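As structure tokens, the structure follows; a few thoughts come after it.
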Amino acid sequence: MKNVYDILMERGYIEQATAEEEIRDLLGRESVTFYIGFDPTADSLHVGHFIQVMVMMHMQQAGHRPIALLGGGTAMVGDPSGKSDMRKMLTQERIANNARLFQKQFSRFIDFGENKAIMVNNADWLLDLNYIEFLRTIGVHFNVNRMLSAECFKNRMEKGLTFLEFNYMIMQAYDFLELFRLHNCKMQLGGNDQWSNIIAGADLVRKVEAKPAYGLTFSLLTTSEGKKMGKTESGALWLDAEKTPPYEFYQYWRNVDDRDVEKCLALLTFIPMEEVRRLGSLEGSAINEAKETLAYEVTKMVHGEEEAIKAQTAARSLFAGAEESDDIPFTQIEKTRLDEGVDIISILVETGLASSRSDGRRLIRQGGIYINADRIESEDQIISTEDLDDGKILIRKGKKVYHQIRI
RNA sequence: GGAGAGGUACCCGAGUUGGCCAAAGGGGGCAGACUGUAAAUCUGCUGGCAAUGCCUUCGCUGGUUCGAAUCCAGCCCUCUCCA
């Protein structure tokens, strides 16, 4: 069987490692317990987290034991890594609630049965720490001069860093030590922005326990232009179907830049690498096949096969201009209102296609709104029962945003 | 605690001898053309509304004035230097 390190390397996950050869040997030799931390700062995981989850899945398939660490404690401090401003503090209840939601989502991807994987919350050991005792046993091992020169604080050296956030690194390092003691966890994985925090942890374990500990980081999901991927107009691309509907999720991947397709296939699907390379090398419009595959596979993993098929069918029919599909976002409007007729601007605002009535007028003026394939010419157009087609009205905004009105 | 600089729309950033400022320019975003549901390029739009006008907006509160992003007072916040 192939060494999982090589698999991760081939697919392009690995960015930095504390001791490349040693880690590779270790992973090839024994079942290793490792952890990745997730701070529950939102009520759903997003694609940025998903890449970490992918790594956990690869590792678990290779016989290693993942620990999903929920940062119920660290989220109360907030990671300053790479951020130019301090985040707003979250309440304890919010964090606990988010942690519960994260937990549910993890279970979809990782098998937590029979000691195959572990989920823990660092609130369990961080919240009750005694300050003086902590400083004396853990604090002594940290050199402030060195910490300040860490890459992750670089942004903050100009803008200012609070003592609260400065402690984040120490807390994360302590997590590693705690997991080493509790579960014999030898390795911490994470996004490349976590490098400083990870080596701090590995160092701490080595100093305190005199045993080897390793760190490994993965490339962040960025576009060919260097921007973070998974950003949409409404914020992040969430894994929660309530926050990002499967159709929208599918469309995001269907629309990625040509140059990013291969990378995404490698990082976000389990498609064999020969196939990934073939799809990635398709030229011209043929590369749409690769994008469809990408969108389908990722959606399937996150939302299940049924939703993936629905999203794909909906997208195909809409863009082929053929028959409609029901699996696109829709808004219900009472029939009595349609009987009387509703002005198009109101419809646009109610469906969320326009952010305000002014925005709606603008869209129409610029020719960006279509009802059942007909371009709207007048801002005063009235939508009524006559526009119904099989109980539905299809609205298109721009080239590819579809929405349905149902009664 | 002391000295200085500054807070402008989604972001950056002009504007501070008071009216010509819903506020230059850039970025981002949206729409149009082109196209492959891609990129690049070009064009338009980008506070709200019952829209040739009206309302709200330039850190907050009050003041001067016919009129304030621009002047005055107090307050809050940020940054730099000093302690």
Side-chain angles (χ1 to χ4, degrees), chain A residues 83-89 155-162 165 222-237 245-265 279-296 298-299 308 311-322 324-325 327-329 342-346 348-371 373-382 394-403:
Chain A
K83 302 203 169 53
S84 53
D85 294 298
M86 185 169 155
R87 300 190 197 191
K88 56 171 183 270
M89 290 214 242
N155 280 305
R156 301 307 287 280
M157 294 317 286
E158 291 173 16
K159 279 230 158 190
L161 177 70
T162 60
E165 299 169 283
T222 51
T223 67
S224 55
E225 284 163 357
K227 286 186 208 142
K228 256 194 186 169
M229 259 185 130
K231 290 277 179 201
T232 68
E233 49 189 314
S234 46
L237 196 62
Y247 173 79
E248 201 179 303
F249 187 85
Y250 178 95
Q251 279 299 302
Y252 182 88
W253 302 110
R254 180 62 245 268
N255 281 313
V256 296
D257 192 305
D258 285 7
R259 293 165 292 181
D260 296 323
V261 177
E262 187 167 330
K263 180 166 68 186
C264 289
L265 282 166
L279 288 168
S281 64
L282 292 173
E283 300 270 341
S285 61
I287 201 162
N288 281 316
E289 179 197 341
K291 294 187 187 183
E292 235 186 21
T293 307
L294 170 68
Y296 177 77
V298 183
T299 308
Q312 184 161 63
T313 314
R316 278 180 178 166
S317 58
L318 285 174
F319 286 92
E324 293 176 28
S325 166
D327 297 298
I328 58 170
V342 184
D343 68 284
I344 181 66
I345 307 274
S346 297
L348 292 176
V349 172
E350 281 179 49
T351 52
L353 290 170
S355 60
S356 66
R357 297 182 67 81
S358 296
D359 188 35
R361 287 176 205 279
R362 215 173 283 139
L363 282 165
I364 293 169
R365 219 177 295 140
Q366 302 194 112
I369 297 296
Y370 296 78
I371 295 282
D374 297 323
R375 181 179 261 176
I376 297 292
E377 304 290 349
S378 163
E379 296 172 23
D380 305 318
Q381 182 116 359
I382 300 294
L394 184 70
I395 309 177
R396 173 155 72 88
K397 174 195 155 201
K399 279 177 286 187
K400 49 199 180 192
V401 181
Y402 289 90
H403 200 96

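Convention: sequence-line order gives letters A, B, ...; per-chain numbering from 1. Computed from heavy atoms alone, side chains included, the values below leave out hydrogens, waters and symmetry copies. Computed from a predicted structure; not experimentally measured.
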When the [atom1] atoms of [M] and [N] are compared, how many Å lie between them, rounded to an integer?
N: B:U70; M: B:U61; atom1: P; value: 13 Å
N: B:A14; M: B:C49; atom1: C1'; value: 29 Å
N: B:U57; M: B:U52; atom1: C1'; value: 23 Å
N: B:G28; M: B:C72; atom1: P; value: 38 Å
N: B:C75; M: B:C82; atom1: C1'; value: 25 Å
N: B:U8; M: B:U78; atom1: C1'; value: 15 Å
N: B:G6; M: B:A69; atom1: C1'; value: 15 Å
N: B:A40; M: B:C34; atom1: C1'; value: 11 Å

For the pair made of [atom1] in [X] and [atom2] in [N], what is the distance, rounded to whole Å?
X: A:Tyr250; N: B:U37; atom1: OH; atom2: C1'; answer: 10 Å
X: A:Arg259; N: B:G36; atom1: CZ; atom2: P; answer: 18 Å
X: A:Asp359; N: B:A51; atom1: CG; atom2: P; answer: 17 Å
X: A:Gln251; N: B:U37; atom1: CD; atom2: C1'; answer: 6 Å
X: A:Arg254; N: B:A38; atom1: CZ; atom2: P; answer: 8 Å
X: A:Ile345; N: B:C49; atom1: CD1; atom2: P; answer: 9 Å
X: A:Lys263; N: B:A39; atom1: NZ; atom2: C1'; answer: 15 Å
X: A:Lys399; N: B:A38; atom1: NZ; atom2: C1'; answer: 10 Å

Q: State which residues pass side-chain contact (heavy atoms from CB on, under 4.5 Å) with A:Glu350; sequence neighbours excluded, sorted by chain then number.
A: A:Ile333, A:Arg337, A:Ser346
Gap separating the [atom1] atom of [X] from the [atom2] atom of [Y], nearest 0.5 angstrom:
X: A:Tyr247; Y: A:Arg254; atom1: OH; atom2: CZ; answer: 10.5 Å
X: A:Leu394; Y: A:Leu318; atom1: CG; atom2: CG; answer: 6.0 Å
X: A:Ile328; Y: A:Tyr250; atom1: CD1; atom2: OH; answer: 14.5 Å
X: A:Ile369; Y: A:Glu379; atom1: CD1; atom2: CD; answer: 11.5 Å

Quick one: label [X] by what it contacts on the DNA or RNA (base, sugar-phosphate, nothing), any heavy atom closer than 4.0 Å.
X: A:Ser356; answer: sugar-phosphate
X: A:Gly284; answer: base
X: A:Arg396; answer: nothing
X: A:Arg357; answer: sugar-phosphate

Q | Distance below 4.0 Å between A:Arg361 side-chain N/O and B:A31 OP1 or OP2 | A | no
Q.
With a 4.0 Å limit, can you tell me whether A:Lys400 has a side-chain N or O closer than that to the phosphate oxygens OP1/OP2 of B:G36?
A. no
Paired with [N]: which nucleotide, if any, by Watson-Crick or G-U wobble criteria at under 3.5 Å for both distances?
N: B:G6; answer: B:C77
N: B:C20; answer: none
N: B:C71; answer: B:G63
N: B:C34; answer: none
N: B:A40; answer: none
N: B:C45; answer: B:G29
N: B:U57; answer: none
N: B:A51; answer: none

Q.
One thing to verify: whether A:Arg357 and A:Asp343 come together as a salt bridge, which I'm taking to mean a side-chain N less than 4.0 angstrom from a carboxylate O.
A. yes
Q: Could you tell me whether a side-chain N or O of A:Asp359 sits under 3.5 Å from a main-chain N or O of A:Ser355, the two making a donor and an acceptor?
A: yes
Q) What nucleotide among B:G36, B:A33, B:C30 has an atom nearest to a side-chain atom of A:Arg375? A) B:A33
Q: Select from A:Arg365 and A:Ile369 the residue whose nearest nucleotide in RNA chain B is closer to the 5' end of that strand.
A: A:Ile369
Q: Map A:Arg362 and A:Ser358 onto RNA chain B by nearest heavy atom, then report which one ends up closer to the 5' terminus.
A: A:Arg362
Q) Do A:Ser285 side-chain and B:A38 base share a donor-acceptor contact under 3.5 Å? A) no
Q) Any N or O donor-acceptor pair linking the side chain of A:Gln366 to the base of B:G44 at under 3.5 Å? A) yes
Q. Considering the options A:Asp257, A:Asp258, A:Asn255, which one meets the side chain to side chain donor-acceptor pair (under 3.5 Å) requirement together with A:Lys291?
A. A:Asp258
